[in-house]
Amino acid sequence: MKILRRGSIAAAGLLLLAASVAPAGAAQDDNDRMLYEARGTDSAQRTAIARSGADIWGTSDGVTTFSASAALAKSLQAKGIDVERVGDVEDLLAARNPDMATSADEFPAGDEGYHTYGELTEVLQRADSEHGDIASLSSAGSSYQGRALHLMKISDNVAQDEDEPEVLFTCNQHAREHLTTEMCLRIVERFTDEYGTDPTVTELVNTREIYVIPSVNPDGSEYDIEGGRYKGWRKNRQGYYGTDLNRNWGYKWGCCGGSSGSPYSDTYRGTSAFSAPETRAVASFVESRVVGGSQQIKAHIDFHTYSELVLWPYGYTYSDTTDTMSREEARRFQEVGRKLAASNGYTPQQSSDLYITDGSVNDWMWAEHGILSLTFEMYPASGGGIGGFYPPDERIEPETRRNDEAVDILLTEAGAQP
Ligand code: 0X9
Ligand code: CA
Ligand code: CA
Ligand code: CA
Ligand code: ZN
């Protein structure tokens with residue numbers, strides 16, 4: 001088939017173009033996706049899987065679950081990786097979607113406990129109006145499709161910028177990781193509803209400025225449930241294939257084979273650092289917190305699913321220390337990471353122990369702003385397959401409550417910093 005010039009084709013033609021020029025291994029469209037498990041993997045093998053363009057879903061006890069085309073899986077097998085086929089992603093999604101949602105923009109039947117973007121907006125507006133003295137809702141900017149990136153500030157004297165350690169929680173960079181949005185919502189609800197009743201909450205609200213962005217990728221998460229069925233969507237909705245927001249941050253963007261330059265890939269890094277409006281907006285908010293030359297935000301957790309891990313930077317390199325990560329700093333990350341993991345039963349490790357990632361949020365937060373920035377990979381640990389991203393809504397309460405103590409620990413640590 002003749003390759004058309006990119007600028008001259010409409011959306012329908014773009015699909016054909018994709019079919020003709022997509023790299024051999026990449027799943028060009030959803031119908032090609034198969035789910036695989038690789039056993040006994042080490043971080044080098046997981047990096048090889050990630051680098052191949054496969055979409056890694058989770059890792060536990062060396063078992064890595066990923067989706068890819070059959071051809072790609074074969075090429076990984078040829079490299080000596082022990083790959084086993086679980087099934088067809090669309091069939092598995094269909095099995096996880098027994099009933100369509102009752103309305104087009106609701107979660108599938110039985111999972112209505114998850115919040116759609118509209119419901120999320122309502123809960124945040126209600127918290128703002130019911131707790132106006134300690135909660136203030138604004139926005140960090142807009143998504144590609146124009147949705148507000150809600151930003152909730154919680155503190156005593158919330159209208160004032162006080163000299164208190166600031167802490168940021170972000171959720172839902174990845175569209176299908178809906179449990180994380182619920183995690184950020186719980187943080188908002190706990191630190192507003194329990195203020196004045198729970199002594200720990202009260203003390204932290206009085207002595208910290210807490211910022212929560214419950215959905216960094218609202219376009220993606222709305223798309224993932226559109227039509228009442230889960231799609232397994234990861235990226236934002238910019239362009240035809242979207243950008244992986246957690247490969248689009250500006251520190252060592254695209255440096256190290258920890259992201260893809262192919263728009264078809266689920267780890268597509270975008271056309272340039274911060275080419276996605278969502279990462280640009282959150283980064284600008286963080287930059288706005290530099291006051292009198294010093295960054296006010298001291299600590300940050302970015303919530304993901306799944307694998308039950310606590311991860312610290314760097315992701316771009318296997319090295320524990322670099323010219324921007326001293327031995328002492330690395331030790332502090334390890335100490336805090338282990339303390340957090342001891343509270344929730346997750347496994348603590350440097351993020352590159354999982355696999356190499358470049359352009360991730362934690363690397364930028366630490367390198368550019370000195371923020372103690374970690375990733376949590378939430379429930380489940382493993383065995384999720386497709387269900388890993390879609391635990392039943394009955395799991396929301398126990399699996400978000402499980403992180404209450406970790407959240408309190410991080411808020412406390414933010415005050416114990418140089
Ligand atoms: O690959 C990712 O972006 C995260 N895993 S996920 O399955 N939720 O996609 C892990 C990111 C951890 N890496 C760094 N923080 N550097
Ligand atoms: Ca249910
Ligand atoms: Ca305050
Ligand atoms: Ca302040
Ligand atoms: Zn994620």
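Order of listing sets the numbers, starting from 1, for every ligand and every atom in it.
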Are [X] and [Y] linked by a side-chain donor-acceptor pair shorter than 3.5 Å?
{"X": "T375", "Y": "D302", "answer": "no"}
{"X": "S259", "Y": "R269", "answer": "yes"}
{"X": "S352", "Y": "Q350", "answer": "yes"}
{"X": "N248", "Y": "S275", "answer": "yes"}
{"X": "D105", "Y": "T116", "answer": "no"}
{"X": "Q173", "Y": "N217", "answer": "no"}

Numbered atoms and elements of ligand 1 in range of [X], under 4.0 angstrom, heavy atoms:
{"X": "S360", "answer": "14 (C), 15 (N), 16 (N)"}
{"X": "T375", "answer": "15 (N)"}
{"X": "E177", "answer": "6 (S), 8 (N), 9 (O)"}
{"X": "H304", "answer": "8 (N)"}
{"X": "N246", "answer": "2 (C), 3 (O), 11 (C)"}
{"X": "R234", "answer": "1 (O), 2 (C), 3 (O), 6 (S), 9 (O)"}
{"X": "G315", "answer": "16 (N)"}
{"X": "L311", "answer": "12 (C)"}

R395 to Y379, cation-pi by 6.0 Å centre distance and 45° axis angle: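 Checked: cation-pi criterion met.
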
Ligand 1-proximal atoms of Y355, by part, heavy-atom distance under 4.0 Å: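 Answer for Y355: side chain.
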
Presence of N, O or S from E377 under 2.8 Å of the Zn ion (ligand 5):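 Of the N, O and S atoms in E377, none lies under 2.8 Å from the Zn ion (ligand 5), which means no.
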
Do me a favour and list the nearest non-hydrogen protein atom to [atom] with residue, atom name and distance?
{"atom": "atom 15 (N) of ligand 1", "value": "N362 OD1, 2.6 Å"}
{"atom": "atom 14 (C) of ligand 1", "value": "S351 OG, 3.1 Å"}
{"atom": "atom 6 (S) of ligand 1", "value": "E377 OE2, 3.4 Å"}

Residue E394 atom name (nearest to the Ca ion (ligand 2); N/O/S): OE2

For the Ca ion (ligand 2), the closest N/O/S atom belonging to D393: OD1

Pair D224 + R237: basic N to acidic O under 4.0 Å: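 No salt bridge links D224 with R237.
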
R332/E413 ion pair, N-O < 4.0 Å: yes

Heavy atoms from other residues, nucleotides or ligands near CG of D163 exceed 12 (cutoff 6.0 Å): no

Check: S265 main-chain N/O paired with K235 side-chain donor or acceptor under 3.5 Å: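 It does hold such a pair.
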
T305 N/O under 3.5 Å from ligand 1 N/O: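 Yes, since at least one N or O of T305 sits under 3.5 Å from an N or O of ligand 1.
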
Heteroatom of H304 nearest to the Zn ion (ligand 5) (N, O or S, atom name): ND1

Minimum non-hydrogen distance to atom 3 (O) of ligand 1, winning option of M365, R247, Q350: R247

